[in-house]
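Each remark here refers to the structure printed beneath this line.
Hydrogens, waters and symmetry mates play no part in the numbers below; they use all other heavy atoms, side chains included. Just so we're clear, the structure is a prediction, and the values are computed from it rather than from any experiment. We name chains A, B, ... by the order of the sequence lines, and we start the count at 1 in each one.
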2 protein chains.
Amino acid sequence: MNGEDRSLELSGDALRRLIDEAASRIVAHVDSLAAQPSADTAGGAALARSLVEGLPETGTPAAELLDFLFDRVIPKSFNTAGPGYLAYIPGGGLPQSAVADLVADATNRYVGVFAAAPGPSQLESNVVRWFCDLAGLPREARGILTSGGSLATFSAVVAARRDRLPEDFLAGTIYVSDQAHHAVQKAALLAGFPEQRVREIETDGLFRIRLDALANAVAADRAAGFAPFLVVGNAGTTNTGAVDDLPALAELAARERLWFHVDAAYGGFFLLTQEGRRRLAGIERADSIVLDPHKGLFLPYGTGALLVRDGETLKRAHALSAEYMPSMQEDADLTDFNLLSPELSRDFRGLRVWLPLKLHGAAPFRANLEEKLALARFACDRLREIPGVEILAEPQLSIVAFRWKRSGTAEAEIDASNLALLERINARRRVYLTGTKLKGLYAIRICVLSFRTHRDRMEQALEDIRAAVAEGEHA
Amino acid sequence: MNGEDRSLELSGDALRRLIDEAASRIVAHVDSLAAQPSADTAGGAALARSLVEGLPETGTPAAELLDFLFDRVIPKSFNTAGPGYLAYIPGGGLPQSAVADLVADATNRYVGVFAAAPGPSQLESNVVRWFCDLAGLPREARGILTSGGSLATFSAVVAARRDRLPEDFLAGTIYVSDQAHHAVQKAALLAGFPEQRVREIETDGLFRIRLDALANAVAADRAAGFAPFLVVGNAGTTNTGAVDDLPALAELAARERLWFHVDAAYGGFFLLTQEGRRRLAGIERADSIVLDPHKGLFLPYGTGALLVRDGETLKRAHALSAEYMPSMQEDADLTDFNLLSPELSRDFRGLRVWLPLKLHGAAPFRANLEEKLALARFACDRLREIPGVEILAEPQLSIVAFRWKRSGTAEAEIDASNLALLERINARRRVYLTGTKLKGLYAIRICVLSFRTHRDRMEQALEDIRAAVAEGEHA
């Protein structure tokens with residue numbers, strides 16, 4: 001054919017060289033993680049502006065592009081892979097998953113429809129089943145892997161909406177605590193609910209939803225003609241790792257005929273540990289659960305999960321078919337993921353979860369999570385010994401939140417002095433912490449969840465906090 | 001710390017060995033693609049059932065797992081990476097993207113928020129800008145990369161809903177042709193519209209939406225108290241690659257104040273070619289456009305794109321913030337992807353598009369797409385020479401659809417005989433074709449879009465079709 005072009009088709013040797021070029025830089029990067037700054041974003045906007053360019057017509061050698069990425073682009077960022085990343089909710093990015101994606105992408109299987117890839121579909125189903133078993137959901141439970149917690153939450157809201165409300169659903173109301181992740185609010189908006197249909201319920205001293213306030217809100221809404229249909233329980237809030245009273249929420253949801261959703265994006269995988277199972281008891285009564293393997297299973301960003309107690313409700317919310325599609329499975333044991341999710345074409349997303357769990361087994365994941373729970377308690381105990389430090393949230397899971405009150409500082413200035421403290425801590429670039437507001441007070445958080453964070457790094461964090469406090473006292 | 005566990009932390013050497021183990025199998029797989037069957041799914045359900053297992057407590061050696069994947073799991077499927085895959089909409093799965101994902105995953109940057117990864121965010125913004133330029137959208141246009149066309153379509157529907165309809169939007173109506181992809185219907189359902197609010201408009205002899213019928217439907221809906229707000233134009237349907245009269249649709253949309261969405265998931269990247277630009281003229285007037293880089297840019301499954309003419313409408317549909325979040329950019333040139341999309345945590349998804357385009361430049365993508373257009377015309381010409389073959393859809397892009405009428409066969413039996421013909425063609429396992437229904441007739445499709453498909457494979461396809469027809473004639 002005139003104009004036949006095979007230049008995109010790398011030979012095996014050329015592909016091998018490209019992988020090798022990437023691998024050598026990745027290996028050097030991973031080996032030096034402990035020595036890299038925990039965050040380095042000064043001049044990030046200027047860097048970004050300097051990178052603007054049009055679509056190139058011709059190519060650039062791989063080595064040049066990879067050097068550019070590893071030397072200029074990637075380092076100028078939060079080091080979300082490093083052991084000092086104790087900000088937001090870490091994970092660490094297990095490179096074992098990177099290898100899984102390498103395999104999945106290069107073989108390019110289509111896992112949206114069972115018939116197109118029975119084996120890959122089943123391995124992904126296995127992963128979902130492992131998660132359902134972990135959460136104590138029954139055999140009829142089904143689930144999907146998503147790109148993250150937000151889309152998993154969205155599908156949960158849609159499933160609840162379709163299951164519990166009429167076609168005209170605008171009177172439906174959703175209940176979350178004032179500590180809930182805004183992914184719920186966003187999911188509700190995307191699913192068509194007016195913003196004010198999400199009711200924020202106050203929390204108690206442990207940042208857990210107040211059941212009396214919740215019951216009152218539901219009753220008031222019913223009296224006003226609204227249609228309460230969904231309550232969200234937290235199994236580890238983003239702010240403090242707070243776990244709501246899940247058994248009591250399950251009771252209330254059953255009594256009020258609400259869909260009971262549990263946001264376990266951060267906390268869910270602590271179910272692998274004994275302490276986590278104790279803390280999260282009641283989760284097995286949820287109608288739906290969101291988990292983020294890119295948090296508690298330490299995977300790279302890009303994998304969330306939704307589990308639904310009655311798989312048929314997930315299917316009723318998402319299933320559609322078309323004439324150009326292959327036929328779907330009649331057998332409930334064989335999963336066509338497109339029928340359970342918003343997606344049709346789909347990569348072999350399950351492999352990035354399956355491979356690390358198969359390579360290592362659950363044991364080291366459990367041990368790592370136990371270690372993280374212990375590290376947060378350790379940090380809390382040591383923080384309390386620092387003069388002026390006040391614990392604002394004791395670890396319920398692996399987050400501790402605190403503030404520092406410099407001797408003689410007026411209450412009105414404490415927030416600002418803690419912001420400055422946070423900056424001094426982070427400036428040392430051994431750890432990266434972030435803050436939040438708790439009941440109106442500015443709080444500094446330590447969230448330990450990266451598989452690369454161990455006692456040595458937590459000691460450094462405490463050293464840097466002590467030093468930053470001392471600087472503040474003597475300023 | 002008691003119980004410190006570092007077993008998930010591969011040393012650089014161990015990671016290197018794992019990558020090498022995967023790479024050697026990938027290279028062998030890619031090198032043998034031309035000789036692999038185009039599809040092999042016999043016994044797929046039995047295989048799937050045999051793979052069911054619980055979460056393992058202990059690990060399995062990498063070599064064993066990779067052999068299992070490459071020998072047992074991956075081959076039993078549609079070979080969506082192979083040159084003989086002419087079914088549905090192929091792409092091929094450029095392994096250059098696999099290497100990009102290897103890098104992105106292993107370095108685990110957080111590209112949901114600009115401040116967390118300015119460089120990676122900008123490279124992704126560059127990719128989006130390249131697509132906007134390709135489609136002729138103005139400077140204010142913004143976009144997102146999604147996991148595929150379905151989620152991109154969903155965000156388009158939400159943006160249109162939020163921009164054009166009141167909070168109580170249930171009277172809103174959406175117009176699609178009877179050839180539209182069901183992703184639109186699914187997106188509408190997820191976004192809260194009752195199923196029957198999506199109006200299917202009949203098509204003409206070239207499978208293009210009938211503008212008179214569309215205008216009538218809009219008028220009738222307005223008269224009945226509905227609120228028409230969104231019309232979808234096809235820039236390459238899934239069935240036949242039909243391209244609607246986009247300039248006329250743009251006119252009608254402007255006149256009727258409808259959001260004009262163009263589904264270019266399959267066809268959009270033909271804009272890289274002269275013929276494609278001619279065919280898709282008018283796309284530059286769209287309010288939103290969906291493209292699937294995992295189709296027309298040959299990427300592995302997992303990358304769709306949404307482009308929106310007025311980026312602010314995309315932001316108004318998706319932006320929310322929270323106290324635990326880093327601050328967002330004030331500068332419109334710097335993109336916080338979480339504000340434009342349903343996602344918050346996000347992988348460095350842009351790299352899998354950026355790397356192949358930078359490695360090769362646009363030229364070979366253009367050449368490949370020109371070749372695919374020519375291959376479809378070539379196939380059409382040769383098919384027409386086969387006695388009894390009737391072309392049901394000439395290529396508008398790279399799809400041709402046909403059926404075969406065995407001499408003396410009654411009209412009522414033609415569909416069944418074409419189904420049997422398709423099975424005989426596919427049984428040779430050099431190519432894999434699929435069928436659909438066109439205006440009530442069963443049609444066999446050839447969709448040529450894999451970068452690995454060239455003239456030699458198309459000759460094999462035609463040989464196999466001729467042989468299967470001959471078998472049918474003599475049966």
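There is no contact between R129(B) and chain A, counting heavy-atom distances below 4.5 Å. There is no contact between R25(A) and chain B, counting heavy-atom distances below 4.5 Å. With a 4.5 angstrom heavy-atom cutoff, E21(B) does not touch chain A via any of its atoms. Proximity to chain A is limited to the side chain of H29(B), based on heavy atoms less than 4.5 angstrom apart. Heavy atoms closer than 4.5 Å to chain A are found in both the backbone and the side chain of N108(B). Using a 4.5 Å cut-off between heavy atoms, A317(A) touches chain B through its backbone atoms (N, CA, C, O) alone. Within the 4.5 angstrom heavy-atom criterion, only side-chain atoms of V30(B), from C-beta onward, approach chain A. Using a 4.5 Å cut-off between heavy atoms, L123(A) contacts chain B through its side chain alone, with no backbone atom that close. Contact annotation for N368(A): both backbone and side-chain heavy atoms come within less than 4.5 Å of a heavy atom of chain B. Only the backbone of T58(B) comes within contact range of chain A, with heavy atoms under 4.5 Å apart. With a 4.5 Å cut-off on non-hydrogen atoms, L334(A) touches chain B through its side chain but not through its backbone. For F131(A), no part lies near chain B; criterion is any non-hydrogen pair under 4.5 Å. Heavy-atom distances place no part of F193(B) under 4.5 Å from chain A, backbone and side chain included. For S97(A), the part lying near chain B is the backbone, with the side chain staying farther off; criterion is any non-hydrogen pair under 4.5 Å. Only the backbone of S341(A) comes within less than 4.5 Å of a heavy atom in chain B; its side chain stays farther off. Of the atoms belonging to E370(A), not a single heavy atom falls under 4.5 Å from chain B. With a 4.5 angstrom heavy-atom cutoff, R72(B) does not touch chain A via any of its atoms. For a residue to count as touching a neighbouring chain, one of its non-hydrogen atoms must lie under 4.5 Å from one of that chain's; by this rule R161(A) touches chain B with the side chain only. Heavy atoms closer than 4.5 Å to chain A are found nowhere in I89(B), neither backbone nor side chain.
Of the inter-residue distances, the one linking E4(B) atom CD with R455(A) atom CZ reads 9.0 Å to the nearest 0.5 angstrom. The distance from the CZ atom of R366(B) to the NE2 atom of H360(B) is 15.0 Å, given to the nearest 0.5 Å. For the atom pair M458(B) CE and E371(B) CD, the distance stands at 9.5 Å (nearest 0.5 Å). Here the CG-CD distance, from L320(A) to Q185(B), works out to 6.0 Å after rounding to the nearest 0.5 Å.
When V158(B), L66(B), L170(B), L351(B) are compared by the number of non-hydrogen pairs under 4.5 Å with chain A, L170(B) comes out ahead. Taking chain A as the reference chain and counting heavy-atom pairs below 4.5 Å, the highest number among A104(B), G149(B), G92(B) is found for G92(B). Comparing T107(B), D20(B), I19(B), T41(B) by heavy-atom pairs within less than 4.5 Å of chain A, the highest count is held by T107(B). Of the residues considered (L355(B), L47(B), L94(B), D331(B)), D331(B) shows the highest number of contacts with chain A, using heavy-atom pairs under 4.5 Å. Interface remark: of the candidates T80(B), D13(B), V27(B), D31(B), T80(B) forms the most heavy-atom pairs closer than 4.5 Å to chain A. In terms of heavy-atom pairs under 4.5 angstrom with chain A, the leader among A117(B), P364(B), A367(B) is P364(B).
The aromatic rings of F78(A) and Y88(A) lie parallel to each other, their planes meeting at an angle below 30°, with 60° marking the opposite boundary.
Among residues two or more places apart in sequence or in another chain, the ring pair (Phe, Tyr, Trp, His ring centres under 6.0 Å) test is passed with F154(B) by F154(A).
A donor and an acceptor atom, one from each side chain of H318(A) and S155(A), are located under 3.5 Å apart.
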